[in-house]
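All heavy atoms count here, side chains included; hydrogens, waters and symmetry mates do not. Labels below follow one simple rule: chain letters A, B, ... track the order of the sequence lines, proteins then strands, and each chain is numbered from 1.
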Protein chains: 2
Amino acid sequence: MRTVDPVKHAEKKRHITDTAAGLFATKGFDRTTVADICQAAGISTGSLFHYFPTKRAIFREIFEQDSADNEAMFAQARELSPWDGVLLVVDRLSEPALDRALAGLVVEIVAQASRDPELWELAARNERVVRDELAVLFQRAHDAGQIALSVSATTAASWTQGLVDGLYGRLVDPEFDAPEQVVTLRLILSRFVGAEAR
Amino acid sequence: MRTVDPVKHAEKKRHITDTAAGLFATKGFDRTTVADICQAAGISTGSLFHYFPTKRAIFREIFEQDSADNEAMFAQARELSPWDGVLLVVDRLSEPALDRALAGLVVEIVAQASRDPELWELAARNERVVRDELAVLFQRAHDAGQIALSVSATTAASWTQGLVDGLYGRLVDPEFDAPEQVVTLRLILSRFVGAEAR
DNA sequence: GTCTATACGCCGATAGAC
DNA sequence: GTCTATCGGCGTATAGAC
């Protein structure tokens, strides 16, 4: 008989990571102090370090949560025609760029991953998984005659990710109009892979 | 008669910013200490603060140097045909992505700019200048019949920047082949704006 | 102009009572 | 499990001699 309730434990950790994620997104990892997180979460530092060994471990957990939803996304995409599946994935990957808070978190993840080898490895693996799943969809769409690839399916997949990355850069434009940008993104992608423009 | 030699002064500042830029690129701004910069530059903290009022001012100066070369780039582009001019600009904008150290600096600039309103404003202005100059080239290429735009020249220009941004994300791929990626980038852009594929 | 020395505050993490 | 109290160290920036 365990003395700890694993459900409660997980819920508490989740509360901490959710709180911390908001702070990391707005202030950045290095400028967010443990005291900030504790205050925002309504706990003490002693308690926080009961759940996480280091501040960095909190960040890592946020990143892992963030990349855990891919499988569900692709499962959903596989229920559609291949090309519609691609478009669904593009929409989903674009979502964080359209939300200021989430975009800030993504910026921070990139910045941290570019310094921390362990985080870099996690990010690279995640990127590869998405790319390879996307490549399968592209290949099927090609075989089904929905598109006409002139590059490898993997290249098409990788640059689909690149286009989504490019979406973040458009945020600097004060006249940024999210829905319109996503439409343009689809147009560029459609022409790239020889799909009918919609 | 001045007692300070403005040339020496500028050279010394440049030495400090060059040294600091390398450290910011590899360690990030927040994890680079003033002591780090002083040690690498071979000076004392007292001396450093004689040239810059704060650590952040060093970063800002690096950013300003970085965005000062645009005018020369577009002057060069204007000597070519409009579409060749676009391709030249794309190559130049892509260069930092192909160099690990410079890419690290760009990541850091994005991360810092997303928190610091003053830096954000500088970045946005710089982005707009490049976009507008690019838009002129796109419009001329269109009018000259080199391309067939189906979106506004400004949208084409903005997404050209987006594609270059997307290039940075491709760095996570350990099999990243820089020249090949730039070729693909050109292909995507060419199809987007209705240019003949090369 | 450049140095050494140091002020002064804050940070991540720990100790130990309850 | 949660708290309070606190440690040891480091960070930016300044003071003031040379």
Side-chain angles (χ1 to χ4, degrees), chain A residues 1-63 108 111-112 115-116 118-119, chain B residues 1-63 108 111-112 115-116 118-119:
Chain A
M1 176 179 166
R2 306 272 303 251
T3 55
V4 296
D5 181 341
V7 175
K8 288 255 175 177
H9 188 81
E11 276 175 2
K12 195 75 185 258
K13 286 189 82 171
R14 185 73 198 206
H15 174 61
I16 294 171
T17 53
D18 284 351
T19 305
L23 291 166
F24 291 155
T26 52
K27 302 181 61 173
F29 177 80
D30 290 304
R31 305 176 92 88
T32 300
T33 70
V34 172
D36 288 337
I37 300 170
C38 292
Q39 192 178 6
I43 58 171
S44 66
T45 65
S47 192
L48 184 142
F49 282 107
H50 174 73
Y51 289 95
F52 295 94
T54 63
K55 178 183 158 189
R56 183 152 285 271
I58 303 173
F59 190 82
R60 200 151 42 225
E61 183 131 326
I62 291 169
F63 178 76
E108 198 55 27
Q112 293 301 319
R115 323 284 181 220
D116 178 340
E118 197 179 335
L119 218 53
Chain B
M1 176 178 167
R2 307 270 304 244
T3 55
V4 298
D5 181 340
V7 176
K8 288 255 175 178
H9 188 82
E11 276 175 3
K12 196 75 185 262
K13 285 189 83 171
R14 184 72 197 208
H15 173 61
I16 293 171
T17 53
D18 285 351
T19 305
L23 291 166
F24 291 155
T26 53
K27 303 180 61 174
F29 177 81
D30 290 305
R31 304 177 93 86
T32 300
T33 69
V34 172
D36 288 337
I37 300 170
C38 292
Q39 191 176 8
I43 57 171
S44 67
T45 65
S47 193
L48 183 142
F49 283 107
H50 174 73
Y51 289 94
F52 295 94
T54 63
K55 179 184 158 190
R56 184 151 283 272
I58 303 173
F59 190 82
R60 201 150 42 224
E61 183 131 326
I62 291 169
F63 178 77
E108 198 56 27
Q112 293 300 319
R115 318 294 178 213
D116 177 341
E118 198 178 335
L119 219 52

To the nearest angstrom, how far is Tyr51(A) atom OH from dT2(D) atom C1'?
8 Å
Show the nearest heavy-atom pair for residues Ile37(A) and Leu48(A), with the distance to one decimal.
CG2-CD1, 3.8 Å
Output the rounded distance in Å from NE2 (His15(B)) to C1' (dG1(C)).
15 Å
If you define the side chain from C-beta out and look only at heavy atoms, does anything of Glu61(A) sit under 4.5 Å from Ile16(A)?
no
Expressed as a whole number of angstroms, how long is the span from His50(A):NE2 to dG1(D):P?
5 Å
Does the side chain of Thr33(A) reach to within under 4.5 Å of the side chain of Lys55(A), using non-hydrogen atoms?
no
Can you tell me how far P of dC10(C) sits from CD of Gln39(A), to the nearest Å?
13 Å
Contact pattern, 5' to 3', of nucleotides 11-18 of chain D - B, S or - by protein heavy atom under 4.0 Å
SSBB----
Between Glu108(B) and Phe24(B), the two heavy atoms sitting closest are CG-O, 4.0 Å
Which angle, rounded to 10°, do you find between the first-five-pair axis and the last-five-pair axis of the helix from dG1(C)-dC18(D) to dC18(C)-dG1(D)?
10°
Would you indicate which nucleotide in dC3(D), dT2(C), dG1(C) comes nearest to any side-chain atom of Ser47(B)?
dT2(C)
I need the CD1-P distance between Ile37(A) and dA13(C), as an integer number of Å.
10 Å
Length of the NE2-P vector between His9(A) and dT2(D), whole Å:
10 Å
Does the side chain of Asp36(B) reach to within under 4.5 Å of the side chain of Arg31(B), using non-hydrogen atoms?
no
Rounding to 0.5 Å, atoms CG (Leu23(B)) and OG1 (Thr32(B)) come to a distance of 5.5 Å
For Arg115(B) versus Thr26(A), what's the shortest heavy-atom pair and its separation?
CD-O, 3.4 Å
Phosphate oxygens OP1/OP2 of dT2(D): is one of them under 4.0 Å from a side-chain N or O of Lys12(A)?
yes
Would you say that Phe49(B) contacts Val34(B) through its side chain, given a criterion of any heavy-atom pair below 4.5 Å between the two side chains?
yes
Between dG1(D) (P) and Glu11(A) (CD): distance, integer Å:
12 Å
Separation of atom CZ in Phe52(A) from atom P in dT2(D), rounded to whole Å
12 Å
Check the orientation of Phe29(B) and Phe59(B). Use parallel for under 30°, tilted for 30 to 60°, and perpendicular for over 60°.
perpendicular
